[in-house]
2 protein chains.
Amino acid sequence: MNAKHPVQTTEKTLTLVEELMGQGSCGVTELAAELDMGKSAVHNHLTTLQERGYVLKRGDEYQLGLKFLDIGGHVRKSTEFYQVAEPEVKSLAADTGELANLMVEEQGLGVYLMRSKGDMAVDIDTYAGMRTHLHTTALGKAILAHLSEERVEAIVERHGLERKTPQSIDTRAELFDALDEVRERGYAIDDGERVEGLRCIAAPVKRSSGAVLGSVSVSAPASRFSDDDLHAEPAERVLSAANVIELNMNY
Amino acid sequence: MNAKHPVQTTEKTLTLVEELMGQGSCGVTELAAELDMGKSAVHNHLTTLQERGYVLKRGDEYQLGLKFLDIGGHVRKSTEFYQVAEPEVKSLAADTGELANLMVEEQGLGVYLMRSKGDMAVDIDTYAGMRTHLHTTALGKAILAHLSEERVEAIVERHGLERKTPQSIDTRAELFDALDEVRERGYAIDDGERVEGLRCIAAPVKRSSGAVLGSVSVSAPASRFSDDDLHAEPAERVLSAANVIELNMNY
DNA sequence: ATAAGCGTTCTGGTTTACAGAACGAGACGA
DNA sequence: TCGTCTCGTTCTGTAAACCAGAACGCTTAT
């Protein structure tokens, strides 16, 4: 549902914050030009944000501060799912030596709640808090497979089916086929659909009611996740991690 | 410096966000009462924030979403100091088996940039992004010890010397004595000054210019950090971690 | 020297945020 | 079953405040 009486000033502030996140570090004039606002307006917003700790001034340039991490970290820490899953994702990373991830759905997008690196883990561009289209990752497909068809339709309607690599899913038919497969097999795979050469295997975590809470995964370069291996040990280990989390969530 | 023409609407939005962070989950009426605002104003702000992904509605209550973690995570990831220090803090935790931390100063407060748990690590209430008074932790004292005296004065002026436990520093004289000691010894210690029974040892990380970038630490229960041991292996290991980070920052 | 660029300050007109009242829906008890 | 209380939401006029634009120092480049 959209806001019937949105606060336009707040929208401007948020747009400014998001622009600053994209740019990294910016001057007043540059931001004003980028966002079609007057310099004074931009300046007023920035100084207000600075006073509250959300923005820092370094020389003549402004940049986002760590206050966002404070709030975000607090929100994450207060999440039961994160608290319960965290140790299990860590041991998943330790056991496999690869990169283990935890995802939840929010507003139709996938949010990485955490990532834990094992000894050999690849270092890709993800970070805790990062958002991604659900259809482009194994984690996302594991979640989508256990939402109602109308929820999935609504999400596709809202966010589209953008392609990240030539392997990405980009039609509804492909997506629904893939989700059927996930439900049958019990876990989802991603073979270079978001990052070329990266394979990923993910299992859903569900409440005993059947509602999906999120998903767990392990990512590794294709060279270490061969076609044969993929469906053996790694799948086994990811499913067991998901199962442990489910048990601990349901007490 | 304070904003000469602050955007009051933005301030209201931020106050609302911070209140929501404190409360966890709240209804419109409760928030309106808490903040002395009309219900319609609170509602307008919340729906605006919701539309942008910063706030979620669950039933009739509103709560903060993970968008803050997205922005905060992005800011952290873009920080050179974090990128460089991260692997070293991880191995510090792995080697000692305890809780290793990384802190930077922002707006006169200490911000935990990361925490990494070793096998036996205590689980305390800190989280990445959390802010704390600098004078209450070894990490903070390691930073303060390498700021100019007027910076330290300004920080004390701004944030005061609040006590967390009976052991906390709470006078300027005590603080400056402690900082002298830190400079002489090369590292800072905290013996139950923030959390009773928790000992902590921290070393500053400095640019070759002498400017302090932040600090690294290891925390453990007093039972595992005896008086004798504290200044031997742990101190050695923390100093070496700080040194490695310094070398990698300065290329 | 001069000019061009920046961030910052100032002001008034007009956009717009918001108090307060009214509405609809659900929960509860009589 | 009905009335009552409370919640989130919608609506409206008016008082407030956001902001374009111009002006001001300041630094840097020509």
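In this text the structure is predicted, and so the values were computed from the model without any measurement. Order of the sequence lines sets the chain letters (A, B, ...), proteins ahead of strands, with each chain counted from 1.
Checking A:E61 against A:S25 by side-chain atom types alone, a donor-acceptor pair falls below 3.5 Å. Between the side chains of B:T15 and A:R52, a donor-acceptor pair is found at a separation under 3.5 Å.
For the pair A:H43 and C:dT8, the criterion of a side-chain N or O lying under 4.0 Å from OP1 or OP2 is met. At C:dC6, none of the side-chain N or O atoms of A:Y62 fall inside 4.0 Å of OP1 or OP2 (strictly under the cut-off).
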Strictly under 3.5 Å: I want the nitrogen or oxygen pairs between protein and nucleotides 20-27 of chain C, one per line.
residue: C:dG20; atom: O6; partner: B:S40; partner atom: OG; Å: 3.0

Using a cut-off of under 3.5 Å, enumerate the N/O to N/O pairs linking the protein to nucleotides 16-18 of chain D.
residue: D:dA17; atom: OP1; partner: B:Q8; partner atom: OE1; Å: 3.0
residue: D:dC18; atom: OP1; partner: B:Q8; partner atom: N; Å: 3.4
residue: D:dC18; atom: OP1; partner: B:T9; partner atom: N; Å: 3.1
residue: D:dC18; atom: OP1; partner: B:T9; partner atom: OG1; Å: 2.9
residue: D:dC18; atom: OP2; partner: B:P6; partner atom: O; Å: 3.2
residue: D:dC18; atom: OP2; partner: B:Q8; partner atom: N; Å: 2.8

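The side chain to side chain donor-acceptor pair (under 3.5 Å) search around B:S78 returns none, not counting sequence neighbours. Shown here are the side-chain contact (heavy atoms from CB on, under 4.5 Å) partners of A:D36, two or more places apart in sequence or in another chain: there are none. Residues meeting the ring-ring contact (aromatic ring centres under 6.0 Å, His included) test with A:Y54, sequence neighbours left out: A:F68. Residues satisfying the ring-ring contact (aromatic ring centres under 6.0 Å, His included) criterion with B:Y112, sequence neighbours excluded, are absent altogether. For the salt bridge (Lys or Arg N to Asp or Glu O under 4.0 Å) test, residues two or more places apart in sequence or in another chain that qualify with A:D123 are A:R115, A:K117.
Taking atom CG of B:L46 as the reference point, atom P of D:dT9 lies 9 Å away to the nearest angstrom. At whole-Å resolution of the value, CG in A:L35 and P in D:dA20 are 11 Å apart. Atom-to-atom, CE of A:M37 to C1' of D:dA20 comes out at 11 Å; the value is rounded to the nearest Å.
Residues in residues 37-46 of chain B take part in these side chain to side chain donor-acceptor pair (under 3.5 Å) pairs, two or more places apart or across chains: B:T13-B:H45. A side chain to side chain donor-acceptor pair (under 3.5 Å) check over residues 148-161 of chain B, counting only residues at least two apart or in different chains, returns the pairs B:E105-B:R151, B:E153-B:R172, B:E157-B:R172. Listed by first then second residue, pairs satisfying ring pair (Phe, Tyr, Trp, His ring centres under 6.0 Å) with a partner in residues 123-143 of chain A read A:Y127-B:H74, A:H133-A:H135, not counting sequence neighbours.
For the pair A:G59 and B:D36, both in contact range of DNA chain C, the more 5′-proximal nearest nucleotide belongs to A:G59.
Rounded to the nearest 0.5 Å, atoms CG (B:L49) and CG (B:L64) are 8.5 Å apart. Going from atom CG of A:D170 over to atom CG of A:L161 covers 7.0 Å, rounded to the nearest 0.5 Å.
Contacts between residues 14-34 of chain B and DNA chain D, defined by a heavy-atom separation below 4.0 Å, involve B:G27, B:V28, B:T29, listed by number.
Side chain of A:S215 to backbone of A:L139: a donor-acceptor contact under 3.5 angstrom is found.
Rounded to 10 degrees, the angle separating the terminal helix axes of the helix from C:dA1-D:dT30 to C:dA27-D:dT4, each built from five base pairs, is 30°.
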